[in-house]
Colleague: 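One structure, pasted below without further comment.
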Number of protein chains: 2
Amino acid sequence: MILLKDIAAACGVSVATVSKALNGHNDIGPETRERIRKVADNMGYFPNSAAKALKTNRTFNIGVLFADEARSGLTHDFFATVLDSFRRTAEAAGFDITFINSSHAQERSLSYLAHSRYRGFDGVCIACVDFYDPDVVDLVRSELPIVTIDHSFDGKISVVSDNVSGMHDLLHYVYEMGHRRIAYIHGLPSAVTQNRLMSFYRTMAELGLAIPDEYIMEAPYRSTSETRDCTFTLLDLPTPPTCIFYPDDFSALGGYSALQQRKLSVPDDISIVGFDGIRLSRHIAPRLTTYRQDMEQMGRVAAERLIELIEHPKDVIQEPILVPGSVYQGESVARIQ
Amino acid sequence: MILLKDIAAACGVSVATVSKALNGHNDIGPETRERIRKVADNMGYFPNSAAKALKTNRTFNIGVLFADEARSGLTHDFFATVLDSFRRTAEAAGFDITFINSSHAQERSLSYLAHSRYRGFDGVCIACVDFYDPDVVDLVRSELPIVTIDHSFDGKISVVSDNVSGMHDLLHYVYEMGHRRIAYIHGLPSAVTQNRLMSFYRTMAELGLAIPDEYIMEAPYRSTSETRDCTFTLLDLPTPPTCIFYPDDFSALGGYSALQQRKLSVPDDISIVGFDGIRLSRHIAPRLTTYRQDMEQMGRVAAERLIELIEHPKDVIQEPILVPGSVYQGESVARIQ
DNA sequence: ACTGGTGTCGAAAACGTTTGAGACTCGGCG
DNA sequence: CGCCGAGTCTCAAACGTTTTCGACACCAGT
């Protein structure tokens with residue numbers, strides 16, 4: 001492990017000079033700076049992040065909270081994609097990504113906030129968690145720079161996809177395709193669910209369409225068995241819908257499965273609509289019609305804004321950022337009449 | 001931010017004593033230790049990881065290299081699941097997980113190894129990368145405790161799933177179901193591919209089955225369009241196979257899609273076999289017959305062994321660990337004759 | 001009474017870096 | 001000639017821990 005001291009010795013200058021030269025301070029002569037840098041490179045020097053962090057109170061490390069609701073932390077396609085994009089932008093800006101957790105062996109476990117302070121994260125990104133968990137709220141309310149994904153808190157930056165226009169646009173598309181009897185199996189209660197559901201009701205009213213009570217059902221996100229059952233129920237109705245909206249793309253597979261079991265075909269017998277636009281939706285047959293959220297942009301914007309907030313806490317206004325998506329016209333919605 | 005110093009003042013002892021009490025050294029009186037611990041808890045103390053790391057050369061941080069081949073880093077279902085399990089075990093043992101990357105803003109980018117040293121990782125886990133990348137090889141050959149996943153290096157711990165018996169068992173199952181004309185679309189060259197392919201040839205020979213050259217094809221992992229094309233080619237053969245093996249579960253979707261386009265049914269007209277056992281395979285219709293790798297165990301074992309290696313470098317023999325899986329009998333293979 | 005051991009505790013150095021306050025040199029200007 | 005400012009560079013303290021070594025007290029055994 002080679003240190004500032006070694007470079008100083010090799011160059012015949014003091015450690016302070018080396019440090020300043022490497023950090024680009026302007027009270028070092030241009031030629032000595034270059035000489036020092038050259039030597040440092042040759043010796044394969046890199047700083048010790050711990051020492052640097054200790055002195056500067058900056059770790060260039062961002063904590064990511066990605067809780068394991070039902071073990072689907074990283075395997076949650078939507079969030080994994082967002083996170084991946086977040087990570088790439090953060091890394092390009094020189095930040096590393098570390099997961100926040102509350103384990104931490106030494107008997108008494110740390111809270112998310114304590115863990116974040118312990119590691120000295122410069123900022124924190126929260127996604128895919130129970131936002132009502134007091135431990136999460138503590139973290140959000142702390143003084144740390146924070147950005148949340150798919151959920152908004154007052155006075156904090158959040159990046160949310162445009163669920164309202166998403167549902168609006170999808171419904172309009174389906175309407176254009178001639179559908180009038182539209183059912184919606186929505187996800188379990190959450191801010192996201194509320195927005196979509198609200199938009200569903202409003203848009204249906206706007207289109208002058210009736211919504212029989214039996215057309216509104218509920219199922220967990222990313223579950224296929226439950227949406228499968230819901231689908232059967234809908235099919236058995238006296239007047240079944242011609243099109244069914246599912247909580248998300250993955251759970252729409254439950255619809256495919258139910259229909260196939262009844263020897264019905266998508267979309268000829270019934271049309272299916274998802275939400276998310278995960279990779280899968282474009283690879284199943286027939287391709288799923290869905291609202292494609294711009295996960296890449298969500299992750300990127302989240303990282304960009306968070307870093308801005310870290311670097312210039314005063315200049316950035318903390319408010320929700322809406323990321324628009326677009327209707328993906330797959331093959332799962334039939335034109336009827 | 002509350003420090004050792006503050007606790008020391010509050011307790012009327014020295015910082016040294018507080019440090020030792022909190023770390024459980026045995027040269028501190030039991031009653032003072034308890035007193036100090038209580039006060040520390042009340043004041044909400046937690047250590048400063050940077051200072052601790054600086055002194056002890058231990059970060060309790062594990063680096064994970066998960067490269068972005070084709071942007072599918074975290075969205076790679078198989079590796080995401082393994083990583084998630086790895087992460088849970090590591091965190092339970094008090095280790096944090098940080099991604100290794102080679103960006104690092106300050107103009108000249110760090111190598112993976114340099115980055116790992118910069119952050120002072122106690123150990124490193126490598127998965128889902130090009131193992132022939134010289135930068136990766138550098139990292140592997142370093143003095144750091146390392147575990148690799150799905151690829152073995154001499155003298156290093158690696159956790160690999162049992163591709164050989166996986167292919168063997170799958171073939172036997174399909175044989176039992178009456179299939180004799182079996183095609184294999186294998187993945188692009190890699191250690192994993194080689195093992196599976198080798199096992200395929202050997203087991204077919206063992207079963208006394210012929211393998212027409214046209215039955216062996218190649219397609220990238222996790223691609224559906226290419227496997228779709230391959231499927232068409234196979235179907236158009238004078239004597240098409242009755243069963244097709246795909247590189248992995250996801251790419252098997254290409255098979256489903258091709259068959260549906262030809263108005264053929266799975267498995268009545270043709271049988272389909274995947275490899276991996278990702279979540280998806282159990283949720284599509286008909287359910288995919290595949291070899292289910294025990295990703296949870298792979299991640300857990302990788303973490304356990306790595307931590308062992310970190311804690312007791314001398315006691316652990318570094319060698320590959322084979323994790324067995326099991327044939328998952330879905331609905332995509334028909335019994336024939 | 002002296003020795004040796006044991007059990008508690010504290011002083012201080014060290015880890016590798018950053019940074020403000022000064023020190024020195026050298027021109028240029030009044 | 002003296003002074004000032006600009007340009008370079010160094011000193012030394014500091015960040016929050018851990019850890020070695022020694023100090024001190026107390027007790028048992030001789």
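Just so you know, these numbers come straight off a predicted model, no measurement behind them. When reading the values below, keep in mind they use all heavy atoms of this one structure, side chains included, and skip hydrogens, waters and symmetry mates. So that the names make sense, note that chain A is the first sequence line, chain B the second, and so on, each numbered from 1.
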Colleague: Ignoring hydrogens and geometry beyond distance, is the side chain of K20(A) in donor-acceptor contact with the base of dT10(D) at under 3.5 Å?
Modeller: yes

Colleague: Check every atom of dG10(C), dT17(C), dC9(C) against the side chain of T32(B) and return the nucleotide holding the closest atom.
Modeller: dC9(C)

Colleague: Students often get this wrong, so: under 4.0 angstrom with heavy atoms, is T56(A) touching a base, only sugar-phosphate, or nothing?
Modeller: sugar-phosphate

Colleague: Expressed in angstrom and rounded to an integer, what is the separation of I36(A) atom CD1 from dT18(C) atom P?
Modeller: 13 Å

Colleague: Indicate, with a heavy-atom threshold strictly under 4.0 Å, whether L3(B) touches base, sugar-phosphate, or nothing.
Modeller: sugar-phosphate

Colleague: Please confirm whether the ring centroid of F99(A) lies under 6.0 Å from the ring centroid of F99(B).
Modeller: yes

Colleague: When we call it a touch if two heavy atoms are under 4.0 Å apart, what does N26(A) touch: a base, just sugar-phosphate, or nothing?
Modeller: nothing

Colleague: Which whole-number value in Å describes the distance from F60(B) CZ to dT17(D) P?
Modeller: 16 Å

Colleague: Can you find a donor-acceptor pair, distance only, under 3.5 Å between K55(B) side chain and dG16(C) base?
Modeller: no

Colleague: So what does N57(B) touch, heavy atoms closer than 4.0 Å: a base, only the sugar-phosphate, or nothing?
Modeller: nothing

Colleague: Categorize N48(A) for me: base, sugar-phosphate, or nothing, with a 4.0 angstrom heavy-atom threshold over every strand shown.
Modeller: sugar-phosphate

Colleague: Find the distance K5(B):NZ to dA14(D):P and express it as a whole number of Å.
Modeller: 10 Å

Colleague: Check the distance between dC9(C)'s C1' and E31(B)'s CD and give it to me in whole angstrom.
Modeller: 12 Å

Colleague: Please determine whether a side-chain nitrogen or oxygen atom of Y45(B) lies at a distance below 4.0 Å from atom OP1 or OP2 of dT17(D).
Modeller: yes

Colleague: Does some side-chain heavy atom of Y112(A) sit less than 4.5 Å from a side-chain heavy atom of D138(A)?
Modeller: no

Colleague: At under 4.0 Å, does any side-chain N or O of S19(A) touch on OP1 or OP2 of dT18(C)?
Modeller: yes

